[in-house]
Amino acid sequence: METTSSIYIAGHRGMVGGAIKRHLEQQGYTNLICRTSDELDLRNQQAVEDFFATEKPEYVFFAAAKVGGIMANNTYRADFLYENLIMETNVIHAAYKYEVTKLLFLGSSCIYPKFAPQPLKEEYLLTGPLEQTNEPYAIAKIAGIKLCETYRDQYGCDFISAMPTNLYGIGDNYHPNNSHVLPALIRRFHEAKEKNKPIVTIWGTGTPMREFLYSEDLAEACVYLMNHYSERELVNIGTGEDLSIKDLALLIKKTVGYQGALEFDTTKPDGTPRKLMDVSKLHNIGWRHKTDLNDGIELAYRDFLKKKFAIR
Ligand SMILES: NC(=O)C1=CN([C@@H]2O[C@H](COP(=O)(O)OP(=O)(O)OC[C@H]3O[C@@H](n4cnc5c(N)ncnc54)[C@H](OP(=O)(O)O)[C@@H]3O)[C@@H](O)[C@H]2O)C=CC1
Ligand SMILES: C[C@H]1O[C@H](OP(=O)(O)OP(=O)(O)OC[C@H]2O[C@@H](n3cnc4c(=O)[nH]c(N)nc43)[C@H](O)[C@@H]2O)[C@@H](O)[C@@H](O)C1=O
C-alpha cells in the first residue's frame, strides 16, 4: 500500500476496524474510506455495489461482521449465519467486480474443528466437525475464506484471509450476555467491586483453554499482512500462548482489585475445550505480537473505566 492509496475499512467503528484505522493513521496513510452501518448496510447488495462503483477503493480491510461471544453465537444462530454470509458475498463480489487491488478478510479461530489437534495449524480447516455453539458463525467464516480462495483461483484476485484468535482491547463490547469472556469479566469484576458483592460467577467449568490477542497488535498484524502476504492459504494471527478460563478470571480479578470469591455456573456452555493457534507461519512471514496478556488486560481495563458510562 502507498500512503496515498484509497483504503476502505469495513467496520471502522468496531474494536478491530477502529484499531486498524488508528494504526493506518499512525503509519501516515491519508486516504481512508469509512462508513458506519447506518450509512452503508453491507447486507444490501445494491448499496454495496453503488459504494464500490463510486469510491473504487484500492485496498479493503474487511472487519465488519456480526460478532459476539458464546451466548450470542448460540442464541442468534440464524442472524450469525445469514448476516455474515450476505455481508461476505456482497463485499467480496463487489471487490472483484470493481477491481480492488487487495482485500484482507478476517475470519476467526472457531473455523477449526472442535477437537482438532493442538496447536491449530492452518491445514486443519475442514478436517472435522465444528463446535456446536458457534457452528453457524464458523460456517459463514469458512464461506468467506472460500470466497477469497475461489475469486483468486478463477479471477486472480489478491484476496487474503487471516484467522485471529480471541481478541480484546480498546473499544470492546461489554454487553453482559452478548460479549466475549474477557470484556464480560472485566465488567463483572468491576461491578462486583463497586457494589461489594461477595461472589462473581464465571460461566462454564473454568477449564476451557483460550488464547487472547490485544486489538492493537491484531491491527498491526493486519496491516503487516496487507503489505507482506499475498498467498491463497489462510494465516493464523495469535500469540501461541493460552490459559484456562479460571486463570484468566484470576488475572482479571487481580487487575480490577476485586477481593471476593469465584463460583462457576456449569449450566452455561464451555464451548470448544481448547483452541491454541499455531503461529509459526505468521512468525515466518515476519510478525510477532508485542503486548503480553497482563499488560493488555490493564490497558483494556483503563479503556473500560474511561468509557464505562457509554457501555451498553
Ligand atoms: N472480537 C473477537 O474476539 C474476534 C473478532 N474476529 C473478527 O474480527 C472482525 C471484527 O470484529 P470486532 O471488531 O470484534 O467486532 P465489533 O462488533 O466490535 O465490530 C463489528 C463492526 O461490523 C460492523 N457491521 C456489523 N454489521 C454491519 C452491517 N450490516 N453493515 C455494515 N457494517 C456492519 C459494525 O459497524 P457499525 O459500528 O457502524 O454498526 C461494527 O463496527 C470480525 O470479522 C470478527 O469476526 C475474529 C476473531 C475474534
Ligand atoms: C472469538 C470466538 O468467540 C466465541 O467463542 P468462545 O471462544 O467460546 O468465546 P467466549 O469469549 O464467549 O467464551 C470463552 C469461554 O469463556 C467462558 N466464559 C466464562 N464466563 C463468561 C462470560 O461471562 N461471558 C462469556 N462470553 N464467556 C464466559 C465461556 O463459557 C467459554 O468457555 C465464538 O462463539 C466465536 O464467535 C469466536 O470466534
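Counting starts at 1 for both ligands and their atoms, in listed order.
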Checklist entry - Has K66 got any heavy atom lying under 4.0 angstrom from an atom of ligand 1? => result no
Next on the checklist: Show the nearest heavy-atom pair for residues I70 and D270, with the distance to one decimal.
Outcome noted: CD1-C, 3.8 Å
Checklist entry - If you measure from each non-hydrogen atom of M15 to ligand 1, which part falls under 4.0 Å: side chain, backbone, both or neither? => result both
Checklist entry - For A95 and L103, which heavy atoms make the closest approach, and how far apart are they? => result CB-CD1, 3.7 Å
Checklist entry - Which residue holds the protein heavy atom closest to atom 38 (O) of ligand 1, what is that atom called, and what is the gap in Å? => result S37 N, 2.8 Å
Item to check | Atom indices of ligand 2 within 4.0 angstrom of R210 heavy atoms, with elements | outcome: 6 (P), 7 (O), 8 (O), 14 (C)
Checklist outcome for this item: Separation between OG1 (T266) and CH2 (W203), nearest 0.5 Å, reads 14.0 Å
Checklist entry - Taking non-hydrogen atoms only, is V67 closer than 4.0 angstrom to ligand 1 via side chain, backbone, both or neither? => result side chain
Checklist entry - Against heavy atoms of C110, which atoms of ligand 2 measure under 4.0 Å? => result 38 (O)
Checklist entry - How far is atom 29 (C) of ligand 2 from its nearest protein heavy atom, and which residue and atom is that? => result P269 O, 3.9 Å
Item to check | Region of M163 that comes within reach of ligand 1 [heavy atoms, distance under 4.0 Å] | outcome: neither
Item to check | Side chain, backbone, both or neither: N173 near ligand 1, heavy atoms under 4.0 Å | outcome: neither
Item to check | E131 and T133: side chain donor to acceptor below 3.5 Å | outcome: yes
Checklist entry - What do the steps show when you test F61 against Y8 for ring-ring contact (aromatic ring centres under 6.0 Å, His included), and what is the final call? => result CA-CA 6 Å; F61 287 90; Y8 170 44; 10.0 Å; no
Checklist entry - Nearest to atom 34 (C) of ligand 1, what protein heavy atom do you find, and at what distance? => result G11 CA, 4.6 Å
Checklist entry - Can you name the nearest heavy-atom pair linking P164 to L106, along with the distance? => result CG-CD2, 3.8 Å
Next on the checklist: Suppose I only count heavy atoms of Y137 and a 4.0 Å limit; which atoms of ligand 2 are within that range?
Outcome noted: 35 (C), 36 (O), 37 (C), 38 (O)
Checklist outcome for this item: Ranked by distance from atom 33 (C) of ligand 2, the top protein heavy atom is N134 ND2, 3.2 Å
Checklist entry - So which heavy atom in the protein is nearest atom 32 (O) of ligand 2, and how far is it from that ligand atom? => result D270 O, 2.6 Å
Checklist outcome for this item: Separation between CG (L125) and NZ (K141), nearest 0.5 Å, reads 13.5 Å
Next on the checklist: Within the 4.0 Å heavy-atom shell around G69, which atoms of ligand 2 are there?
Outcome noted: 12 (O), 34 (O)
Next on the checklist: Less than 4.0 Å from atom 4 (C) of ligand 1, is there any heavy atom belonging to the protein?
Outcome noted: yes
Checklist entry - Which ligand 2 atoms are under 4.0 Å away from a heavy-atom of N73? => result 33 (C), 34 (O), 35 (C), 36 (O)
Item to check | Heteroatom proximity flag, G14 to ligand 1, N/O under 3.5 Å | outcome: yes
Item to check | Those atoms of ligand 2 less than 4.0 Å from some heavy atom in A184 | outcome: 22 (C), 23 (O), 24 (N)
Item to check | Option whose closest heavy atom lies nearest to atom 28 (C) of ligand 2, chosen from N74, V181, T133, I186 | outcome: V181
Item to check | For atom 38 (O) of ligand 2, the protein heavy atom that lies nearest, with its residue and separation | outcome: S108 OG, 2.4 Å
Next on the checklist: Against H190, only a single residue in R187, E194, R188 fulfils side-chain contact (heavy atoms from CB on, under 4.5 Å); can you say which?
Outcome noted: E194
Checklist entry - What atoms of ligand 2 come closer than 4.0 angstrom to any heavy atom of P208? => result 32 (O)
Next on the checklist: Going by the closest heavy atom to atom 7 (C) of ligand 1, which one wins out of A65, G107, S108?
Outcome noted: G107
Next on the checklist: I need the nearest protein heavy-atom contact for atom 15 (C) of ligand 2: residue, atom name and distance, please.
Outcome noted: I245 CD1, 3.6 Å
Item to check | L218 to ligand 1, any heavy atom closer than 4.0 Å | outcome: no
Next on the checklist: At less than 4.0 angstrom from any non-hydrogen atom of G68, what atoms of ligand 2 do you find?
Outcome noted: 36 (O)
Checklist outcome for this item: Of E131, R188, K66, R187, the one whose closest heavy atom lies nearest atom 23 (O) of ligand 2 is R188
Next on the checklist: For the backbone of E241 and the side chain of T239, can you confirm whether one donor and one acceptor N or O come within less than 3.5 Å of each other?
Outcome noted: yes
Checklist entry - Closest heavy-atom contact between F189 and I252? => result CD1-CG2, 3.7 Å
Checklist entry - Between D38 and ligand 1, which residue portion shows a heavy-atom distance shorter than 4.0 Å: side chain, backbone, both, or neither? => result neither
Checklist entry - So which bit of Y137 gets within less than 4.0 Å of ligand 1, heavy atoms only: side chain, backbone, both or neither? => result side chain
Item to check | Proximity winner for atom 23 (C) of ligand 1, if only heavy atoms of S179, G69, A64, A47 are counted | outcome: A64
Checklist entry - Are Q46 and D50 linked by a side-chain donor-acceptor pair shorter than 3.5 Å? => result yes
Checklist outcome for this item: among protein heavy atoms, the one nearest atom 2 (C) of ligand 2 is K275 NZ, 3.6 Å
